[in-house]
Structure formats: structure tokens, C-alpha cells
Amino acid sequence: MMPPETHLGEVLQDLLDGRLGDAERSRAEVHLAGCTRCRRELEALRWVKTDVLRSTGDEPLPPALAERVRTGLDAVDAESPKPGARPVRPVVRWAVAAGIVAVAALAFMMLRRPSSSLAPDRVAQDFTEVVEGRLPLDTTTSDPPTLESFLNRNGVGFPLRIFDLGMMRYTLVGGRVHKLTNRAGALFVYRGEDDGTLICEMHLATLASMPPAEETRVLNGIQFHIYRRGGTTLVYWQEGGEVCVLVGDAPYETVIELAAAKAVKV
Amino acid sequence: MTSPRDLDSDAKRARFEATAVPLMAVLYNAARRLADGPEDAADLVQETYLRAYRTFDSFQAGTNCKAWLLTIMYSVFINEYRRRKRRGPTVSLDDLEQRFQHHLEVTSDAEASAMTVAAWGARLSPEVDAALKQLTPEYRGPVVLIDLAGLSYDEAAGALQCPVGTVRSRLYRGRRALFAALQEYAAETGFFRGEG
């Protein structure tokens, strides 16, 4: 029998799933011809994939489930105003007009201040949507340079620095081009060994546009603005023309330490 | 194709009914392998559809709707799993891995070639269901999404929010663990025929 270190291991699965190129497949087949252990393992994997799982029949859909789902969709529709509603009374129309003027005045005043579209509530919402799978990633990769290249090719117009958090036991999952300001920014996601989630966003902005921080710290000569939203900690800092924000559901001090470990004074 | 974001509400509902609702059977079967029982699976499917409908604006028309829905469903499942801190009858993956190694070292070639589940028929066997539930979600997820729901490695990586390499490794270990969990049953029920 061949020593363990020469067995095919996960390559057997690649062979079974048709993921090997011609040369790799040929090498695997040559190995299999001479290795009983690997042939047994390949047959075991094939049995599980094909005989057990693929051949198990489908459970019939419960008749009431489709109706339950449609009733739920109706309830969602009922939450939204429908077009063709009754005409608004004149007094209400005047009140709405006055409200519009007030909102326009407020917007004018706000435009004189820098945009706060990177506000903690907005970024915390991004974190929730990532965790719940409602904010899709444009690409999945565990390689920071690959993600940097992808994001720069797809419209992020400023120098990106995707952190390698492997030493801190967070694996890069992937990222997306993400617009919160009127320019493309970046959002990238990490998964911890305890299945915790970390996201980092980078956008062209200034810390001065953020709401007052709940805590500020100066670490390694860099000022950090820290917020809490529910069970998540948000840590903001400035790197050149970009604001970076690290958001996580890990303990408060852990997220701050991660940010401090990766932030660079520019 | 017009983005859902640009449709009025009636057209959006019609597009959702045409695109997503026909996939309900696929979602239900995946949910049956993830959740604890038929009622939990039905709840999982319903919650998935509600969340999908509320965020239909984010669905890119023309892309894989099945993968999008399964991504949402897995997220709903794993969040509920963590919230309930489910500690059902899972078996240590290391134990299953040891049993798999034992099979590789002692099984004769005749036994290995004679394995079949033909007599189990086409319906989901309770033993297969029980064996799947022995796996923790990190190993059950790739098996369900790839081997049962037919997602590609890349699509499963998106749904599981982990790199493709991680999906590959977890699928490999999940399949090996399933084999070990089922092997004892297969041997007891006489599916290993013939001797060397």
C-alpha cells in the first residue's frame, strides 16, 4: 500500500465532480490504477453523491405551502401604497406642499455640510444585509490581491488595500463594488473561525462628515471613531482621501484591535 | 431585461411569481434536508420567499434565481440555527472520519463494488435524512446545496459566504462523513454483497 502522503485525497472529489483538466485527470487515473485505497475512496464518494443523494426522490410539496407563501406575499404588497389611490383632499395637498418646501430647505442646509451617507446606521444596515445574505457579493475569493484587482477593474477609482486577516483568524470571503456616496466604493467580507462576520467598507469621504463618535481613540497615531449599533461595533478611520470602516459582531475591543492592527497612518 | 427595481408593484409581483415561485419545490426539498422536520422546512421556505420578495429589487434579472433564493434560505436557516443554539444529535466529525478511514483499510474490493441503494427506492430514506442531520451545518450545507440542490461550487460559495476552496474541503469531509454514517446501515441491511 502506498504511504498516506501520496494518496489523492480531495483530488478524488475533483475527479468525481469533473473539475480536473485533462493532464490532471490522466495523472489521477494512473494513480488509481495502482492504488486500491484510492479506488475504494472514490467509490465511496461516488456512492454518496450518486446512489445516495442524487437518487433520493423529491418530497412532494405540501399543498398548503404554496397558498401560505402567496398569502405572505399579499401581506407584503398590502404594506406598500398602491397606485390609483383616492384623490388627496385640497387641505392635505397644501400640507404636503408645505412639507415638501420644508424638506427642500432642510436638504439645502444639509447640502452645505459634507455628506453623511457613511453614517453608522447605514453601514450597520449593510452589515445586517451581508449576514442575512441579502447583499450579494460581486466576487468570492480568499486572496486579497485578487479582490483588489477585481474591484479596481470594476470601477473603484481609488487605491485599495484589502487586509489579510489570516493571522487574526478571519478569512476573506469576497467583496463588491458598493456605492454609498456618489462614487463607487468597496465592501469586503471576512468570516471568522467561530463563524462570526466582519465587513470593511472604503469610500471617498472624510471623517468630518460622520456624526459625532460615541468614543474616539488615538492608537498608533491614528484617530478612530467608534460606534455601537445593536450587537455590532463600527470603527471608522481616515486613510488619505478615504474613510475606512470595520464592522463586526465580535467583542467590542476585538473589533477595535483589528482596526488598529490594520490601519495605516497616511 | 427590465430590472425589478423599475417595475410597478403589480408587474413586480407578476415577475416574482413567474421567476421565483416555480422554484418552491426545489427550495422545499433543500429545506427538508436542512431543517428539523416538515413544519420547520415549510416555515423556512415561507420566510425565504418573504425576504426574497422584499429584496426583489436587488435580484439581477437574468441571473440564477435558484442560487439567489438558496442563498437567502441558507442565511435564514443558519441564523435561526445559531439563535436556537441547536445541539441536536450531531456526531463528532472526527468520529465519522475515523470510521471512514476504517472502511478504506478493511473493506474488500468485492464489497466496495457491490454497494447500492437500489432497494431503498426513490423516496428520501429516513436513514439518509438522519445521517444528514448528524452533520453540523458547515458540512451539511455544501452537501445539500451542491449534491441535492444542484448548485455549482461557485454558487454554493456565494450562498455559504465562504471561498470556493472552503466549500471544496467541507463538501469532501461532509461526503466522507455521510458515507461513514450510512455504512453501518448499509452493512446491516445487506447491501454489501459477495465476498472477495
Side-chain angles (χ1 to χ4, degrees), chain A residues 1 9-10 12-14 16-17 19 36-41 43-45 47-62 64-66 68-70 72-73 75-77 80-83 129-137 140-143 171-174 189 191 195 197, chain B residues 8-9 13 16 21 24-25 28-29 32 38 42 45-46 49-51 53-55 58 68 71-72 74-76 79 82 100 103-105 107 109 112-113 115-117 121-125 128 138 143 147-148 153-154 157-159 161-166 168-169 171-172 175-176 178-179 182:
Chain A
M1 180 174 286
E10 289 185 24
L12 288 169
Q13 177 170 270
D14 293 334
L16 178 67
D17 291 345
R19 290 166 53 85
T36 304
R37 192 179 191 279
C38 283
R39 287 200 302 276
R40 286 177 190 160
E41 180 170 1
E43 177 57 24
L45 294 174
W47 181 73
V48 168
K49 173 183 173 178
T50 307
D51 290 351
V52 173
L53 294 172
R54 288 277 168 89
S55 66
T56 53
D58 289 340
E59 287 283 318
L61 194 64
L65 181 55
R68 270 176 67 179
V69 168
R70 288 200 168 85
L73 300 181
V76 174
D77 284 337
S80 308
K82 291 279 191 192
E129 291 185 9
V130 165
V131 168
E132 294 181 353
R134 293 185 284 122
L135 193 62
L137 302 181
T140 54
T141 179
S142 59
D143 182 52
T171 302
L172 180 67
V173 173
V189 181
R191 181 76 66 213
D195 275 343
T197 301
Chain B
D8 65 24
S9 58
R13 173 68 181 262
F16 188 82
V21 173
M24 195 178 302
Y28 179 70
N29 275 277
R32 284 285 282 115
V45 169
Q46 181 176 17
Y49 270 98
L50 294 182
R51 292 199 188 189
Y53 190 49
R54 288 197 174 100
T55 59
S58 72
W68 179 69
T71 298
I72 295 172
Y74 187 81
S75 172
V76 174
N79 287 336
R82 289 173 187 159
F100 185 82
H103 160 76
L104 294 183
E105 281 152 17
T107 306
D109 277 351
S113 65
M115 280 188 281
T116 178
V117 292
R123 289 189 58 81
L124 177 65
S125 161
V128 175
E138 69 184 305
V143 172
D147 285 340
L148 289 169
Y153 277 52
D154 286 336
Q161 297 206 350
C162 63
V164 171
T166 303
R168 177 179 179 255
S169 296
L171 178 65
Y172 178 65
R175 283 169 170 172
R176 286 160 66 101
L178 261 182
F179 179 89
L182 290 167

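Computed from a prediction, not measured in an experiment: that's the story for all the values here. Quick note on labels: first sequence line is chain A, next is B, and so on, each numbered from 1.
Salt-bridge check for Asp14(A) with Arg168(B): passed, with a basic side-chain N closer than 4.0 Å to an acidic carboxylate O.
Contact of the Leu178(B) side chain with the Val52(A) side chain is not registered, since no non-hydrogen atoms from C-beta on lie closer than 4.5 Å. The shortest distance between side-chain heavy atoms of Arg70(A) and Val21(B) falls below 4.5 Å. Between Pro136(A) and Thr71(B) there is no side-chain heavy-atom pair separated by less than 4.5 Å.
No donor-acceptor distance shorter than 3.5 angstrom exists from the side chain of Gln161(B) to the backbone of Val173(A), with no hydrogens or angles considered. Checking side-chain atoms of Thr140(A) against main-chain N and O of Cys162(B) turns up no donor-acceptor pair under 3.5 Å.
The CG atom of Leu45(A) sits 9.0 Å away from the CG atom of Leu171(B) when rounded to the nearest 0.5 Å. Atom CH2 of Trp68(B) sits about 11.0 Å away from atom CZ of Arg134(A), to the nearest 0.5 Å. Atom CZ of Arg68(A) sits about 9.5 Å away from atom CG of Leu50(B), to the nearest 0.5 Å.
The choice from Cys38(A), Gly72(A), Gly133(A) that makes the most heavy-atom pairs within less than 4.5 Å of chain B is Gly133(A). The choice from Val131(A), Leu12(A), Thr141(A) that makes the most heavy-atom pairs within less than 4.5 Å of chain B is Val131(A). The most heavy-atom pairs under 4.5 Å with chain B, out of Leu135(A), Val130(A), Thr171(A), come from Val130(A).
Only the side chain of Phe16(B) comes within contact range of chain A, with heavy atoms under 4.5 Å apart. For a residue to count as touching a neighbouring chain, one of its non-hydrogen atoms must lie under 4.5 Å from one of that chain's; by this rule Thr166(B) does not touch chain A. Looking at Asn79(B), the atoms closer than 4.5 Å to chain A (heavy atoms on both sides) all sit in the side chain, from C-beta outward.
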